[in-house]
Asks: 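Starting off with a structure, shown below.
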Amino acid sequence: MGKTLLCFPLLEARKREAMAQFWKPGSEKPRLLDDEEGGVLFYSSSGFGYANMEKQRQKLPVFKYRNPILYLVENHATTIIVGETGSGKTTQIPQYLKEAGWAEGGRVIACTQPRRLAVQSVASRVAEEMGVKLGEEVGYTIRFEDRTNPGVTAIKFLTDGVLLREMMDDPLLTNYSVIMVDEAHERSLSTDMLLGLLKKIQRRRHELRLVISSATIEAKSMSAFFDTRKTRQGEADEHCVPRRQPTILSVEGRGFNVQIQYLEEPVSDYLQAAVSTVLLIHEQEPMGDILVFLTGQDDIDAAVQLLNEDAQNRGRQPSGLIVLPLYSGLSRADQDLIFSPTPKGKRKVVISTNIAETSLTLEGVVYVVDSGFSKQRFYNPISDIENLIVAPISKASARQRAGRAGRVRPGKCYRLYTEEYFVKEMHAEGIPEMQRSNLVSCVIQLKSLGIDNILGFDWLASPAPEAMVRALEVLYSLGILDEDAKLTSPTGFQVAEIPLEPMISKMILSANLLGCSEEIITIAAVLSVQSIWMSARGSQKELDETKLCFAVAEGDHVTYLNVYKGFLHSGKSSQWCHKNFINYQAMKKVVEIREQLHKLLRRLGIVLKSCDGDTKVLRKAITAGFFAHACRLEAFSHNGMYKTLRSSQEVYIHPSSVLFRVNPKWLIYHSLVSTDRQYMRNVIAIDPSWLIEAAPHFYQLQKPNTATY
DNA sequence: GAGCACTGC
C-alpha cells in the first residue's frame, strides 16, 4: 500500500476556496487518503478532479466532475469513504449520486444504516434538504415500516438487515445501481454478511457501485477485501471501467477538538475513579455537561448513588450536579430525562452504558469520562452458551467515546487508564460480532441465498470453525438442514423466511401441525422481545405479587398468553401496563411482531388455529423447537439444581420465572443467563416422553421415564 | 431469592 497522499501543494487559500465551492457542507475538506496507483486529488480552475500521475492528466475526463466523489464512484467498483462525524457523508453522498444520474432509469440508490432510528432520521433529513416529501423520491424501509413508493423512490434508506432480507427475493439486488453501506466499521453480524454478499454480487454485476463508509482504522482492511483485481486477472473486460481496485477518500468532519487526559497510574477501581473524576471536573472546569461510560446497570446505579451521597454530604451548599443514569432497561420516560435541557447554573452528569456510544447522541456534552471497559457478548461454541463479559474496549471505541465530547465546542476526554496502556496494549479494533456469536441465524440466511459452502464463504473475518460446526449441528437436529447441509423442504425454507431465532421458527411450524399456531405466535413474539416485565428494582415485591395474577403452573410461556390477553382486553392501555408492572413499549412490539408473523404465515399458506386452552399441545409445540434445551431436576437437590440432558450442565431456574421454587422435575428453557450461576430464563414444565416424540433422533429411551442423550 | 452491553429481521 502506498503512502498517504494529500492534495497538490496548492496555495492554501485557493484550496479552501475551491473546497467551499464544490463541497457543499462548507467547512469540510475532501482529501484523498491512499491510492496504490499514485492518483491524487487535484484542483484546477474548473473544479476538483482525480488523476493518475502516471498517465497524462489532460487525457483523463476529470474536468466534468465538480465533485471528487462522483469521479471516484464512477470509476471504481468500490469507493471507501473515511469520514469523521459531522462530515455530512451520510446525507450528502446520496444526493450527489442522484444529481449525477445514478438513480435514473428506474434505478435506486440504497443506503444502509445499522439502526432503525438512524435510518428514519437520515432519511427525513435528506428529504428535507432536497425539499421533497418523505416516502416519495426519498424513502426508507425498516422492519414494520415501509415508507417508499416503488417507481418513484430514487434514494432509499434501510437497515442492513432489511437489505439482507430483500436479497432472499432478489439475490442480485437488481433494483439498485449504487449501494452505500454506512457505519461498516461497527462490524455487526448483518454488516459483515452483507459486505461478503455484495462482493459476490459485484462479480456478477459489474455496473454495481459500492460506497462503504467506515472509520479510518478499518479502511485498509475494507479496501483489501474489495480489491478483486487478482481474482479477475486475465479476463476480457480488464480495460473496462470500473476499476476493481477500491479507492479510499477521507472527508474531514466538523467535530471540535477533544483534548485527551490519561491517568498517570492505572487504577484498580474504575467506578471510584469515575466518580472522583466527575467531582474533579465539576470543581475545576467551566460549565458543560459530563458523559460517563461505565459497563452496566449495577455500576451505573452505584455511581449515581455515590455522586448523590457526595452531594448530600456537602450539606446546605447545593452541588449543582444533576446525575442521571442511562441504559436500555430504563423506561422511555426515564430515558427522555437525558434530553431535558440543563437548567442554568447546573451541570448534567449522564452515567451511561455503551448505548450513548452509538445509539443515542447527547447534545451539550463537553466532558467525557471513559472507564475503558464495556460489556461484550462472547459465545462459547463448545458449551453453546453466550456470556456477557466486562472486557477492555478497543482504540476505535475509545476514539468514538472521546468524540462525544466535541459536538458543541472543544471538549475534554478523561480516560481512566494510562497513555502507555492505550498505545501499547489496547487493540486497534474490537472483535467483530461474527467471531463472538451464535451463528445459527447467519448460517440459515446464507443457505437460503444459495451459499452452500459456508466455511469457504468470503468473509471479512472468518468465524470460528467450531461455531460454524455447532450451528450446522443445531440446524440439522432441528430438521432445517439435511445430511448434505442443504435446506430441507418445506421446513428449512419456511424457517429461513421467518425473521426470528430458528428454534422459535421451528416451534411455530410444529404448532401448525399440532393445531395451536394462534397461541404459539403470541408466545413467539414475547420470546423475541427483551422482557415484558418492567425492571422495578425498588418495588420488586409488588412486581412479584402482580406476576402471580397471571402465573400458571405450566410455566412462563403460558403465563405470557395471559398477559397478552389482559393487554388486549385493556384496549392495549399503557395505564394497564403500568399498573401491572408490564413494559408498555415491549408489549407494543409484541403486537407488531405478532402481526408480522400472522401475515407471513398466511403467505406460507398456514392458517392460524387455536388449541382453546389445551396447554399440553402448546407445550408439545414448544418442545418441538426447544428439545435441545431440556433439563432434569437433580435427585435430592435442595437448592433447585437442574442438569441439562445434552451436556449435564448445572443450571438453575431464574428467580424471575413463575416456576422459581416450584421446581418441576422436567423442564425446557428458552435461554440461559450466565452470572456466577447459569440461570434459565423462560421455562416450561414438560413430560419427558414428549422429547422422544419430538426428537427421536436426539433422545433415546433408556429405561421407562428416563431419556438420555 | 436475584439480575438483563447494544442492535436487527
Side-chain angles (χ1 to χ4, degrees), chain A residues 112-119 141-146 158-168 183 186-194 293-301 326-330 352-360 371 373-378 386-391 393 397 400 430 433 436-437 441-442 444-445 448 495-502 504-505 524-525 528-537 540-541 543-544 583 586 589 592-593 596-597 600 639-640 652-657 660-661 663 671-682:
Chain A
T112 77
Q113 287 285 332
R115 282 169 290 276
R116 295 159 51 87
L117 205 73
V119 169
T141 308
I142 55 180
R143 189 186 190 182
F144 309 131
E145 199 181 350
D146 182 10
L158 68 178
T159 47
D160 40 21
V162 169
L163 192 59
L164 277 176
R165 284 275 153 193
E166 285 189 2
M167 286 180 74
M168 288 175 65
E183 313 283 7
E186 287 185 18
R187 305 296 303 277
S188 73
L189 257 163
S190 40
T191 304
D192 268 24
M193 269 205 289
L194 185 63
F293 285 102
L294 294 180
T295 59
Q297 190 176 338
D298 278 344
D299 279 3
I300 289 166
D301 289 343
L326 176 62
Y327 40 83
S328 77
L330 286 177
S352 171
T353 60
N354 253 6
I355 194 170
E357 198 177 300
T358 51
S359 304
L360 283 175
S371 65
F373 290 95
S374 71
K375 276 196 188 167
Q376 290 161 40
R377 182 174 54 201
F378 287 94
E386 283 182 335
N387 281 311
L388 269 182
I389 293 169
V390 174
I393 60 169
S397 267
Q400 173 77 15
E433 203 181 359
R436 44 188 182 85
S437 304
S441 297
C442 176
I444 204 167
Q445 231 168 339
S448 76
V495 167
E497 286 272 328
I498 303 174
L500 302 174
E501 295 167 30
I504 296 183
S505 308
S528 301
V529 300
Q530 288 277 45
S531 168
I532 59 164
W533 305 112
M534 219 126 81
S535 75
R537 278 200 171 170
Q540 199 57 53
K541 217 171 144 197
L543 192 155
D544 283 353
N583 184 333
K589 206 167 164 195
E592 280 186 320
I593 295 176
Q596 189 192 25
L597 286 174
L600 186 66
N639 59 351
Y652 298 83
I653 297 179
H654 196 281
S656 67
S657 167
F660 183 67
R661 280 195 296 202
N663 294 340
S671 60
L672 289 179
V673 175
S674 334
T675 52
D676 16 334
R677 280 180 175 181
Q678 305 282 357
Y679 284 103
M680 301 180 276
R681 289 182 70 185
N682 298 326

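Every chain is numbered from 1, with letters handed out A, B, ... down the list of sequences. All of these numbers come straight from a predicted model, not from anything done at the bench.
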Asks: If I compare all heavy atoms of A:A118 with all of A:Q113, which pair ends up nearest, and what's the gap?
Replies: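 Taking A:A118 first and A:Q113 second, the nearest heavy atoms are CB-OE1, 3.6 Å.
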Asks: From CG of A:L158 over to P of B:dT7, roughly how many Å is that when rounded to an integer?
Replies: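 The answer, rounded to whole Å, is 19 Å.
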Asks: CG of A:L163 versus C1' of B:dC9: gap in Å, rounded?
Replies: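 After rounding, the gap between these two atoms is 12 Å.
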Asks: Between B:dA5, B:dG3, B:dC6, which one does the side chain of A:V673 approach most closely?
Replies: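 Closest nucleotide to the A:V673 side chain: B:dG3.
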Asks: Checking all strands, does A:S328 fall into the base, sugar-phosphate, or nothing category for heavy-atom contacts under 4.0 angstrom?
Replies: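 Answer is sugar-phosphate: A:S328 comes under 4.0 Å of backbone atoms only.
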Asks: I want to confirm an ordering. Mapping A:R436 and A:T159 to their closest nucleotides on DNA chain B, which one lands closer to the 5' end?
Replies: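 Residue closer to the 5' terminus by nearest nucleotide: A:R436.
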Asks: Out of B:dG1, B:dC6, B:dC9, which has the shortest distance to the side chain of A:R143?
Replies: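 Nearest listed nucleotide: B:dC9.
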Asks: Grab the CD1-P distance between A:I142 and B:dT7 for me, whole Å please.
Replies: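 Taking CD1 of A:I142 and P of B:dT7, I get 14 Å after rounding.
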Asks: What is the distance, to the nearest angstrom, from the CG atom on A:D299 to the P atom on B:dC4?
Replies: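 Going from A:D299 (CG) to B:dC4 (P), I get 12 Å.
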Asks: Quick one about A:D301 and A:Y327 (side-chain donor to acceptor, distance below 3.5 Å, no hydrogens or angles considered), yes or no?
Replies: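 Their side chains do contain a donor-acceptor pair, which is all the 3.5 Å distance test asks for.
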Asks: Round to a whole Å and report the spacing from CG of A:D298 to P of B:dG3.
Replies: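 Spelled out: CG on A:D298 to P on B:dG3 is 8 Å.
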Asks: Which whole-number value in Å describes the distance from A:N663 CG to B:dG1 P?
Replies: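 Atom CG in A:N663 sits about 11 Å away from atom P in B:dG1.
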Asks: Tell me, with the steps shown, if A:S397 and A:E357 meet side chain to side chain donor-acceptor pair (under 3.5 Å).
Replies: CA-CA 8 Å; A:S397 267; A:E357 198 177 300; 3.0 Å; yes
Asks: Classify A:L189 by what it touches in the nucleic acid, base, sugar-phosphate, or nothing, heavy-atom distance under 4.0 Å.
Replies: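 No contact.
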Asks: Of the candidate nucleotides B:dG3, B:dG1, B:dT7, which contains the atom at the shortest distance from the side chain of A:Q530?
Replies: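 Selected nucleotide (nearest to the side chain): B:dT7.
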Asks: Evaluate the side chain to side chain contact (heavy atoms under 4.5 Å, CB included) criterion for residues A:R436 and A:E386: first the C-alpha distance (whole Å), next the side-chain angles of each, then the deciding distance (0.1 Å), finally the verdict.
Replies: CA-CA 9 Å; A:R436 44 188 182 85; A:E386 283 182 335; over 6 Å; no
Asks: Could you go step by step and tell me if A:N583 and A:I532 meet the side chain to side chain contact (heavy atoms under 4.5 Å, CB included) rule?
Replies: CA-CA 5 Å; A:N583 184 333; A:I532 59 164; 5.5 Å; no
Asks: Which part of the nucleic acid, if any, lies within contact of A:R115, taking any heavy atom under 4.0 Å across all strands shown: a base, the sugar-phosphate backbone alone, or nothing?
Replies: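 Since only primed, P, OP1 and OP2 atoms lie under 4.0 Å of A:R115, the category is sugar-phosphate.
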Asks: Measuring from the side chain of A:Y327 (C-beta onward, heavy atoms only), which nucleotide among B:dC6, B:dG3, B:dG1 has the closest atom?
Replies: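 The nucleotide sitting nearest to the side chain is B:dC6.
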Asks: Is there, by distance only and without an angle test, a donor paired with an acceptor across the side chain of A:N639 and the base of B:dG1 below 3.5 Å?
Replies: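 No such pair is found, so the answer is no.
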Asks: Which comes earlier along DNA chain B counting from the 5' end, the contact point of A:Y679 or that of A:S441, where each point is its nearest nucleotide?
Replies: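 The 5'-side residue here is A:Y679.
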Asks: List for me each residue that meets ring pair (Phe, Tyr, Trp, His ring centres under 6.0 Å) alongside A:Y652, sequence neighbours excluded, and say none if there are none.
Replies: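 Checked A:Y652 against ring pair (Phe, Tyr, Trp, His ring centres under 6.0 Å); zero matches.
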Asks: Could you work out which one of B:dC6, B:dA2, B:dC9 sits closest to the side chain of A:P499?
Replies: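 Minimum distance to the A:P499 side chain belongs to B:dC9.
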Asks: Which part of the nucleic acid, if any, lies within contact of A:L388, taking any heavy atom under 4.0 Å across all strands shown: a base, the sugar-phosphate backbone alone, or nothing?
Replies: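 Touches a base.
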Asks: What nucleotide, of B:dG1, B:dC9, B:dT7, holds the atom closest to the side chain of A:R116?
Replies: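 Taking heavy atoms from C-beta onward, the closest nucleotide is B:dC9.
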Asks: If you only use heavy atoms from C-beta on, which nucleotide in B:dG1, B:dC6, B:dC9 is closest to the side chain of A:R165?
Replies: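 Nearest to the side chain of A:R165 among the choices is B:dC9.
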Asks: At under 4.0 Å between heavy atoms, what does A:S374 touch on the DNA or RNA strands: base, sugar-phosphate, or nothing?
Replies: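 The answer is nothing, as A:S374 stays clear of every strand by at least 4.0 Å.
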Asks: Ignoring the backbone of A:K375, work out which of B:dC6, B:dA5, B:dG1 is nearest its side chain.
Replies: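 Nucleotide nearest to A:K375's side chain: B:dA5.
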Asks: When all nucleic acid strands are considered with a 4.0 Å heavy-atom cut-off, which category describes A:N387: base, sugar-phosphate, or nothing?
Replies: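 If one applies the 4.0 Å heavy-atom cut-off, A:N387 turns out to touch nothing in the nucleic acid.
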Asks: Rounded off to whole Å, could you give me the CG-to-P distance for the A:N354 and B:dC4 pair?
Replies: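 To the nearest whole Å, that distance equals 16 Å.
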Asks: Without decimals, in angstroms, what is the distance between A:Y652 OH and B:dC4 C1'?
Replies: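 Rounded to the whole Å, the gap is 20 Å.
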